[in-house]
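Below is one structure, written out as structure tokens, with a few remarks after it.
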2 protein chains.
Amino acid sequence: MSLATDAADKPTLYKRIRADIEKRILTGEWPPGHRIPFEHELVARYGCSRMTVNKALSELAQADLIERRRRAGSFVRRPQHMSAVLKIADIRAEITALGRAYGYELIGRKLRTATTADRDRLGVRKVGKVVAITCRHSADKVPFAIEDRLIDLASVPDAATADFSREPPGSWLLHHVPWTEAEHTISAIVADDRTADALAIAVGAPCLVIDRYTWRSARTITAVRLLYPGDSHRLVARFKGG
Amino acid sequence: MSLATDAADKPTLYKRIRADIEKRILTGEWPPGHRIPFEHELVARYGCSRMTVNKALSELAQADLIERRRRAGSFVRRPQHMSAVLKIADIRAEITALGRAYGYELIGRKLRTATTADRDRLGVRKVGKVVAITCRHSADKVPFAIEDRLIDLASVPDAATADFSREPPGSWLLHHVPWTEAEHTISAIVADDRTADALAIAVGAPCLVIDRYTWRSARTITAVRLLYPGDSHRLVARFKGG
DNA sequence: TTGACTTATATGTCTAGACATATAATCGTG
DNA sequence: CACGATTATATGTCTAGACATATAAGTCAA
């Protein structure tokens, strides 16, 4: 055993190996495309078993920092695309996290057989029932966002009887319905009369729009459009890359 | 040695174990907070060694689907926050991927000692040199985005001599400078005179704004503001969760 | 030159153990 | 009952092997 570089291993060995390699990649010492030492070389360098270096390299591969190719070796991945993790919290959580008082108001709720427009929006072909909800979220009594949502009752039957007059549909869905995939589209618009009125902003003021579609295994659950005052709301996405 | 459920293991064993557990979580059979069987129970169920189930569980933990607690067991994580992966590609790649002709035009480039405003924007305290660049990206001759960028020369000395009259600074940086972290802020504004003119849109039209700050190990590299016509540009974020 | 076959090799997966360590649960004591 | 000490236990890490498998590289014949 006798480690080549044992230097008081506070963290565990495989973590040190992983950190060592990560550092060289992130500093640019090992640029994209560079071949990382073979497992047997790292085994010799760190004086450990192959399973240990394998664990370190596997985690780096899972994090997309390196690419492993049989017989060829492991290589530093090139910064494929700048991808960012956008945290889109439940609105209530978002507001309370800011230390502001959360307010919620149900504006409208309709249970109806899906219209052509509804089916188009949800991306379903079968005719079925849907719940359409419009509501307003506020922070310290100031309008924060307008939510316009459609829920497919074929996927979420419980939504027909859920009480959305007190609990926002977003929170209810997040806690009652498991989802597997979703898609956001972010765009900007200017407020028309109705929007301006609902958000208590001027007509022609900028608004940030988030359209979100949520599925559970290829089955649409809900489609929602969130409207935020564009000058006061910001989406923040932090990310890491190589 | 004699699998309890061996059923023609096309994928490898640990992958099947991982997929089995993942499925139960995603279908809601094991809701957030549910305790996953102990490793020794899974060892008995699948008739394999502990390292194999450990690998499956470790990957699920790395993917944030479960949480592991010593002595207590492994638990399904509650859907903490809806986090989305926002792919923000290099603009040139984004446009060519749409099958449109990419156009680039350098509007202004200045090398100067950082002003107070520059230092504030880059988040640096020391006085140093910066490069300020303004340029326009277009798709099929139509203005697509206006880029307003500041590069810290202390972090990226090569940027002083790089030729940004032909290559967009975003592409150049992505291919020449490794980065470790970045932050995006997305908001909406309405076009003022200068913006409207540069994007060939009407004054008062909505614009999507992306402010991006990029660092390499706590050191600011660049700050950029991208302005898109809000009605024609959309940011798409797909994501998966539990 | 090209295509088909062979070989060497790096990674992929797995085993049957081991000791370390954090911590939930229990037990004892003031 | 409250609180500190003890114990049991599940995960965390690691080893020294093994065989599987994809594939880069080399070999040879058409």
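Each chain gets a letter, A, B and so on, in the order the sequences are listed, and its residues count up from 1. Note that the structure is predicted; figures quoted are calculated from it, not measured.
For the pair B:His40 NE2 and C:dG17 C1', the computed distance is 17 Å after rounding to whole Å. In this structure, CE of B:Met51 is placed 14 Å from P of D:dA16, rounded to the nearest angstrom. In this structure, CZ of B:Arg68 is placed 14 Å from C1' of C:dA22, rounded to the nearest angstrom. Atom CG in B:Leu13 sits about 15 Å away from atom C1' in C:dA16, given to the nearest Å. Rounded to whole Å, the distance from CD on A:Glu39 to P on C:dC14 is 15 Å. Distance, A:Glu59 CD to D:dG12 C1': 12 Å, rounded to whole Å. Rounded to whole Å, the distance from CZ on A:Arg35 to C1' on C:dT9 is 12 Å. Protein atom CG of A:Asn54 is 17 Å distant from nucleotide atom P of D:dA18, rounded to whole Å.
Contacts of B:Ser74 with the nucleic acid, taken as non-hydrogen atoms under 4.0 Å apart, involve only primed sugar atoms and P, OP1 or OP2.
Considering only heavy atoms from C-beta on, A:Tyr102 comes within 4.5 Å of A:His137 through its side chain.
Ring-plane geometry between B:Phe164 and B:Trp172 is classed as perpendicular, the angle between the planes exceeding 60 degrees on a 0 to 90 degree scale with a lower cut at 30.
Nearest-nucleotide positions on DNA chain C for A:Arg71 and B:Arg70 put A:Arg71 closer to the 5' end. Residue whose closest nucleotide on DNA chain D sits further toward the 5' end, between A:Ala72 and A:Ser49: A:Ser49. When each of A:Arg50 and B:Pro37 is assigned the nucleotide of DNA chain D with its nearest heavy atom, B:Pro37 is the one assigned upstream, toward the 5' end.
Look at B:Thr12 and you'll find a side-chain N or O under 4.0 angstrom from OP1 or OP2 of C:dT13. Proximity of A:Lys15 to the phosphate of D:dT13: a side-chain N or O atom is located under 4.0 Å from OP1 or OP2. Contact annotation: A:Thr52 reaches the phosphate of D:dT15 (side-chain N/O to OP1 or OP2, under 4.0 Å).
Listed candidates were C:dT11, C:dT13, D:dT13. Nearest to the side chain of B:Lys55 is C:dT13.
Under 3.5 Å, the side chain of B:Arg69 and the base of D:dA10 form no donor-acceptor pair of N or O atoms.
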Applying side-chain hydrogen bond (donor to acceptor under 3.5 Å, both in side chains), run through A:Arg149 and A:Thr222 and close with a yes or a no.
CA-CA 7 Å; A:Arg149 185 184 290 271; A:Thr222 184; 3.2 Å; yes

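With A:Arg225 as the fixed residue, the side chain to side chain donor-acceptor pair (under 3.5 Å) test singles out one of A:Asp211, A:Asp148, A:Thr185: A:Asp211.
Taking the ring axis of B:Tyr104 as reference, the NZ or CZ atom of B:Arg136 does not stay both within 45° of it and closer than 6.0 Å to the ring centre.
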